[in-house]
Each structure stands twice: as structure tokens, then as C-alpha cells.
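To start, the structure under review is shown below, and the notes come after it.
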Protein chains: 2
Amino acid sequence: MPKQVDHVSRRRLIAEAVCHLADEHGLEGVTLRDVAARAQVSMGAVQRCFRTKEEMLVFTLGHIGERIGERVRARLVRSPAQSAGTALGHAATEISLLREEHRAEARVWLAFVAQAAVNETLATTLRASYAPLQETFTRLIAEAADAEAGSGSDAGADGDGDAGADRAALVDPRREARTLLALVDGLTTHVLIGHLTPPEAQDVLHAHLARLWA
Amino acid sequence: MPKQVDHVSRRRLIAEAVCHLADEHGLEGVTLRDVAARAQVSMGAVQRCFRTKEEMLVFTLGHIGERIGERVRARLVRSPAQSAGTALGHAATEISLLREEHRAEARVWLAFVAQAAVNETLATTLRASYAPLQETFTRLIAEAADAEAGSGSDAGADGDGDAGADRAALVDPRREARTLLALVDGLTTHVLIGHLTPPEAQDVLHAHLARLWA
DNA sequence: GCCGTTCCGATGCGAGCGCATCGGAACGTA
DNA sequence: TACGTTCCGATGCGCTCGCATCGGAACGGC
């Protein structure tokens, strides 16, 4: 066998270049030539890895989705000892992409989301990333509600003596997960366009989470 | 004076054409030629109205923002007799753009939001639309909280006897407005990419509003 | 009726795009 | 070492883009 290259890692390398360019100039600023230049490979190499530009974009989107999902998972195993409620807060903070180092990722994500609204292939890829994310959040919320129902309230300020079980029955974990996911995406968007500052968004998110249990 | 045309109405006509095209193929599918064809004018006419493409896009964005803001305002004056709480619900439903006839508007909006993340001019225009919207929601929430504090709870199911005043003090209207705005935008986005169905989003929104007062 | 002004449709230009093509470099195998 | 296979960098093609240009149509004032 003659020269052989690692296609997988090269595809990832190219996907990273796509991300950098999309972060700077939006998806419209992503051209095969610029991608090749940014990835330090030739255009021919890019064309070998991806038959068309769309194939490249779809792969990149999947790549980002995987990375974000992985980050949430990593964050969850990093803090397993604490309550499900705090774990939920950590996970939500993780996907809100508010920290400066993830701002670029958020911009790229937003660019793809907009494109997915008019491109079914991208939309499918995007949904494939959202589904497990929502699943994870649903589970976390259910666990947190169970924990709250089982023990007394740990951080509540008011003297409400009602059993948590009642509240757990009132909270629909799936609906709450959807709410949280949509809220986080909306906050991220508003930060990106400068309508909210990161601390303001953080404050909103924190308040929402706090109300979930209070 | 020789031939004179109504520039204002022509600009609006062109803006509508931009919206139609952006709805179908995203902002990338908006070219001067296609816009001219869709608006049934020549390319020269488009170039006369807008010196550059960007100027056209900025105007279009402002146009949409104005239209949405106007719709909210119209909805509010149409149902003034009811409580501030229901008015809030109506306004939120209005900007969530979930109804089929507004889905196109939502897609265009999303396309512009994504572009605004990498284009300061668009971002400024966008913020100019969000600011009064948030202002309106802040006011509505404050009024609703006041009304709740003044009278007894009207729809609460639990037998909680706490005075509403305490709760009103706990609710920060501005923060709630930010939350609601972000949630609505997130829900709209998730509907557009097919992650949620309109009824699901409607359900989430309704539950969130209900919890605001309960 | 001629003129001055405003408008616009058609056309051209340079640039940049995605994609196809191909000659040769690189490298394991015999 | 000679060969066969895999890879890739360079180049070209056809196309579309935003924008500039310009000749003439439309129309009120003199």
C-alpha cells in the first residue's frame, strides 16, 4: 500500500478551520480556498476529504455537536458527588457557552442553526445533537426532583413545609428540559448580538435554575 | 421637477422581496439580481434605492423589527381590558412567531441574527429592536406583579396564604423580561430547526408564564 | 418645443466561487 | 530497483456575484 493519510484526523483538522472562519466572518465567509489555507493544506486535499462543500459543512456541524455533548458529559462526571441540582447548573452553564473561550463556538453554532432553518440536511444533523442533550437534561431534572422529594429542602429560604413529592409531581422533567435548553440558546444568542452581557445572561440563567426548586 | 418616485415605499417593497428570498434560501440566497426580480423592478432601481447590498440588508432588518414591534403594540391595545398577566401572555405569543403565517418572518429574523453576530452594523440595528421590546415586557411584568400584589391571587390552585407583595418584591421585572425574551427566541429557533413542534413550544411558553404568578 | 433634471434598464467588469482535471510526488510491495 | 497505488498541488473552467457605467425614457419648467 502506498502513501496513506489519516482521513479522520484530517477531516477534524479541516472542520476546525471551518469553525475558525465561520467564527470570524459567518458561514458566508467559508470558502474552500480559505479553509484550505487556514488548515494549512491544499485545496486538493480538502476536496479529497469532502466531495462537496456541503459535505464538509455537515461534518463540521456534527463535529461541533459532538464536542459540546462531550463537554457536558465530561462536566457531569467531574462533579458526581454533589446533588443533581448542582450538576444541572454545571451542565447548563457548560452549554450556555458564555465563557469567552467558548464564544467562538457559540458564534459558529448560531451560524449553523440559521442555515439549518433552510437546509434539511443540516437540520437533521442539528437535531441529532439536540436530542441527547435534551435527554440528559430531562434525566438530570428528574433526578434532582426525586432527590428533593426524598429529603427535606436543603437550600430553600421560605418556611414552606409541603412535601417535595407534590412539587415533583408538578414538575414535568421533559418540559423543564425543553425550557432550559431553549432559554440557554436564547441567552447565548442575545449575548452574541450584544443585547445582554455575559453576567446578565448568567444572572438570568441562575435565577431560572433557582426557581426550579424553590 | 422631473419624474419622481416614492423612495420610501419602494424601499419597503424591496425589503419585502429580501424577506421572501431570505425565507426560502437564507441570507446567502439573497442576491441583488434575485431581489430585483422578486420585487419586479430592475437591478438599476435597486441600486438607486440602496447604494450597497449591506445598506439594503440593514434597512430590511430595521423594517422587520419595526413590523414585529408594531404587531406587539397592536396586540396590546386590542386587549386592554384584561389583566396585565393575560396581556403579557398575548404579547409573548405574538413575538414567538409560532403561527404558520409568521414562520417565514421567524426564519428571516434568525438569518439576520446569525449574521449580526459577525456584523456590528446589523447587530446595532438588531439591538435597537430588542431594547424597546424588552422595555415593553419589563413594564408589563411590573404591572402584572403590582396587580397581583394589590388583589388576592385569582387563579392560584394551592392554598398558599402569603401576600402577593412578598412575591412581587422577589420578582425582578427586568430579569423576568430578559428571561421571557430569551426563552421565546430559543423556542422559536428550536421550532424552526424542527427540534420542537409548535404545540410543544406553546406548551413550554404557557407553563413558564403560569409559573411566573404561581 | 426645447431643455434640464431625475430615473432606470441593460451591459460590462473584475473578482471570487465550487468543482473537475491531471501530472507527478510519495511510498509500500515484489 | 521497478512497479502499482494512493495522494495532492496547481491550474483551468464555467458561473455568479456586487458594483460601475451610460444612453435614453419620462416629465415639469421656461
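Side-chain atoms are counted along with the backbone in the values below, which use heavy atoms only and exclude waters and symmetry mates. Here is how names work: the chains are called A, B, and so on, in the same order as the sequence lines, proteins then strands, and each is numbered from 1.
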Atom [atom1] of [X] and atom [atom2] of [N]: how far apart are they, to the nearest Å?
X       : N      : atom1 : atom2 : answer
B/Gln47 : C/dT11 : CD    : P     : 15 Å
A/Glu55 : C/dC19 : CD    : P     : 10 Å
B/Gln40 : C/dG9  : CD    : P     : 12 Å
B/Leu27 : D/dG18 : CG    : P     : 12 Å
A/Ile14 : D/dC7  : CD1   : P     : 13 Å
B/Lys53 : D/dA20 : NZ    : P     : 15 Å
A/Glu28 : D/dT16 : CD    : C1'   : 14 Å
A/Arg11 : D/dC8  : CZ    : P     : 13 Å

Base, sugar-phosphate or nothing for [X]? Non-hydrogen atoms, less than 4.0 Å.
X       : answer
A/Val30 : sugar-phosphate
B/Arg33 : base
A/Arg10 : sugar-phosphate

Assess the side chains of [X] and [Y]: does a donor N or O sit below 3.5 Å from an acceptor N or O?
X        : Y        : answer
A/Glu16  : A/His63  : yes
B/Ser83  : B/Thr86  : yes
A/His195 : B/Gln134 : yes

Ignoring the backbone of [X], work out which of [options] is nearest its side chain.
X       : options               : result
A/Met43 : C/dC19, C/dC8, D/dC8  : C/dC19
A/Arg48 : C/dC8, C/dA10, D/dC8  : D/dC8
A/Thr31 : C/dC17, D/dC8, C/dC19 : C/dC17

Check: Taking for each residue the nucleotide of DNA chain C with the nearest heavy atom, is it A/Gly29 or A/Gly44 whose nucleotide lies nearer the 5' end?
Finding: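 First, find each residue's nearest nucleotide; the 5'-ward one identifies A/Gly29.
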Check: Any chance CZ of B/Arg174 has more than 12 other-residue heavy atoms, nucleotides or ligands included, within less than 6.0 Å?
Finding: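 No, the 6.0 Å shell around CZ holds no more than 12 heavy atoms from other groups.
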Note to self: Any heavy-atom pair between the side chains of B/Leu212 and B/Leu88 that's under 4.5 Å?
What the structure shows: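 The answer is yes; the side chains approach within 4.5 Å.
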